[in-house]
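Lettering follows sequence order; numbering is per chain, from 1.
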2 protein chains.
Amino acid sequence: MTRLRDVAERAGVSVSVVSRVLSEDPSLRVRDDTRARVLEAVRDLGYTQNHAGRALRLRWSGAVALLVPDMNNAIFAEVSRGVEAAAAEADLVTLLGRSEWLDPENGRAARLCQQGRVDGLIVQLRDEERSPEILDLLPPGVPAVLINWHQHRGISSVAVDDEEAGRLATAFLLELGHREIGLVGGFAQTSTARARETGYRKALADAGVTRREAWTTRLGYTPEAGRAAFARLIDTPPLPTAVVVSNVNAAAGVLAAARDAAISVPEQLSVVTVHDTWIADHTNPALTAVRVPTYELGAESARTLTRVMHGERKQHVLVDDPPPLLVPRGTHAPGPHA
Amino acid sequence: MTRLRDVAERAGVSVSVVSRVLSEDPSLRVRDDTRARVLEAVRDLGYTQNHAGRALRLRWSGAVALLVPDMNNAIFAEVSRGVEAAAAEADLVTLLGRSEWLDPENGRAARLCQQGRVDGLIVQLRDEERSPEILDLLPPGVPAVLINWHQHRGISSVAVDDEEAGRLATAFLLELGHREIGLVGGFAQTSTARARETGYRKALADAGVTRREAWTTRLGYTPEAGRAAFARLIDTPPLPTAVVVSNVNAAAGVLAAARDAAISVPEQLSVVTVHDTWIADHTNPALTAVRVPTYELGAESARTLTRVMHGERKQHVLVDDPPPLLVPRGTHAPGPHA
DNA sequence: CTGAAAGCGCTTACAG
DNA sequence: CTGAAAGCGCTTACAG
């Protein structure tokens, strides 16, 4: 490996000059031919800065960690693409980690920060997590941003417009002539589940339609949760004519359970889901979905984190560009009041 | 942040002792009470080693980069879980990157290595990649392992038993009474596509069934490729009674195209795919699939990389535990020769 | 059994 | 316009 010193020797200058030329220090005055000699030596030797030396001196790692419950989930995979791209834009490298690293019994997240391996954290909590309080266990002063969470006091957060997504899905079904509309929701303690449910309720209220509590379930965002939610609906007749599902993975479960129960979608039950991952286009029938800007959510979370790392105070960002968009496919049909 | 020096002062010893106690240097003799004092000081101060200092001194970063074409693909997501877990086991942190970083125009992968930010690379090439030659552009001596590739000369590789997966899928259809069996394959230049096709051909040959070239397509591993492959099949009648699909994402495309063409699966066409990601369980009908150990592939690639980093010479690993397993679901039916 | 010292590669006041 | 020197936090021969 070639060091700064090797470059300096070849160019016949001191290491200070080389370092300053390379960092493009604006306060630096050098003769043009000196600078040229330095650059030439850098090129000839194929010099690259050693990261550890730089990090040690600058007390900064140039890395952030992205903590997700499960990369094997199209939503988080999409978020991670956005994080990675925006982080790279800011010359930050992204470390891949799991939400469980935050657990005190695990401690990996705290260690990573204390060791100075990462300068900040982007966190997606597991849905079954009690609450964002888990972040209070990190060493104080660690820059962190929570994604898919709205407005938690101590910490920055970035989320999409989940309320609007819930509202849009519901309004679409109302316009189609449905009035008996259920909600297959996420866990009540998660911020996104509450927001999507609020949107659903508001849309019903705006249309003067009364909500039936038995048609609302809050079992989570997995295919299994979707199956369980469907089972519960079918156990407490009458069945609604349509459901809003808060998550596309759960929606896939609803579809599978409906098929098993010989309830045909969309003839007997319309389904509109939040989140338009590619799975939505590959169920049968293909899912009518509300697309939310997942990639942008990831990108914005990385940008927010860099701001926090640069000392800006905590902030709550709502990513609403592009806004939630209804993508009609095959799981909706006109309702009885059309 | 507390430094080694702070611990040393509090314990009333020199930094050397603290460092050696912490690294559990076996050649070290210390009095038990000295060691106890050191450990107590570490605990009291909440000391953690600074990573940059350590990395600079040891000339080692403790990180590996995983380069994949697209995290938004259940197969790579599963692989990444395995990589991350096995890397963590070896006290290595995993950096998330994209295969395009290898491109000379991009250069990020080379830079990461030269900077000493990562000690090695785990690479999944894009399918449209010309060949593994792209790795020759890395700085010489960079430890790297190619995943989902069999036996490339210059570089270590780890793969699953793709030939057996192809054979198993085909044999299953033959036993069901099919003899007109097509192959929806991957690009011919990829190692996995060739291996799966070899397995398919051998199974046919073993059963004394003649292969029809028009029933073999090699368009890739995406849903779009699956759709295109199906279109081609239907354009050149007769249709086979069954197809082996080399990839689950392509299989989802085949199913969607069959639906659009009103060809019913499995009544008119049986489909068996390689790769059992969760999507296989959520198409309609659910896909009969050959499960290959994707997570283990990731884990083994991290282990192989650590071996290479420790100086072992290049190796080609076949991950065959657990072996490919046929998971029967809803896309197969008895064939005309049953 | 323990400590003083060199050095990993870098940046940045400071001096000239 | 350029250089000598200190120091970021660590490990490890070497000395005693």
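In summary, contact between chain B and DNA chain D, defined as any nucleotide atom under 4.0 Å from a heavy atom of the protein, begins and ends at dG9(D) to dC14(D) in the 5' to 3' direction.
Here the side chains of V79(B) and V68(B) are not in contact, with every heavy-atom distance at 4.5 Å or above. Looking only at side-chain heavy atoms (C-beta outward), L95(A) and L96(B) stay at 4.5 Å or farther from each other. In this structure, the side chains of L121(B) and L67(B) come closer than 4.5 Å at one or more pairs of heavy atoms.
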*Reading DNA chain D 5' to 3', what string of ( ), [ ], | and . shows its pairs, if Watson-Crick and G-U wobble pairs count only when both distances fall under 3.5 Å?*
|||.||||||||.|||
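Counted by atom type alone, T304(A) and E300(A) present one or more donor-acceptor pairs between their side chains at under 3.5 Å.
Heavy-atom distances under 4.0 Å link DNA chain C to R31(B), T34(B) of residues 31-50 of chain B, given in residue order.
Annotation for A159(A) and H150(A): closest pair CB-CE1, 3.5 Å, computed over non-hydrogen atoms.
Under the 4.0 Å criterion applied to side-chain N and carboxylate O atoms, R126(B) and D103(B) are assigned as salt-bridge partners. Ion pair R81(B)/E78(B) flagged as a salt bridge, since at least one NZ, NE, NH1 or NH2 atom sits closer than 4.0 Å to an Asp/Glu carboxylate oxygen.
Both A52(A) and G12(B) lie near DNA chain C, and the one whose nearest nucleotide falls closer to the 5' end is G12(B). Along DNA chain C, the nucleotide closest to G53(B) and the one closest to V17(B) are compared, and the more 5′ of them pairs with V17(B). Comparing S16(A) and L56(B) against DNA chain D, the residue whose closest nucleotide sits nearer the 5' end is S16(A).
N50(B) places a side-chain N or O within 3.5 Å of a backbone atom of G53(B) that can act as its donor or acceptor partner. Panel note: side chain S23(A), backbone S19(A); a donor-acceptor pair is recorded below 3.5 Å.
Note on R20(B): a base of the nucleic acid sits closer than 4.0 angstrom, heavy atoms only.
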_Stepwise side chain to side chain donor-acceptor pair (under 3.5 Å) test for D127(B) and T190(B)_ = CA-CA 6 Å; D127(B) 289 333; T190(B) 68; 5.1 Å; no
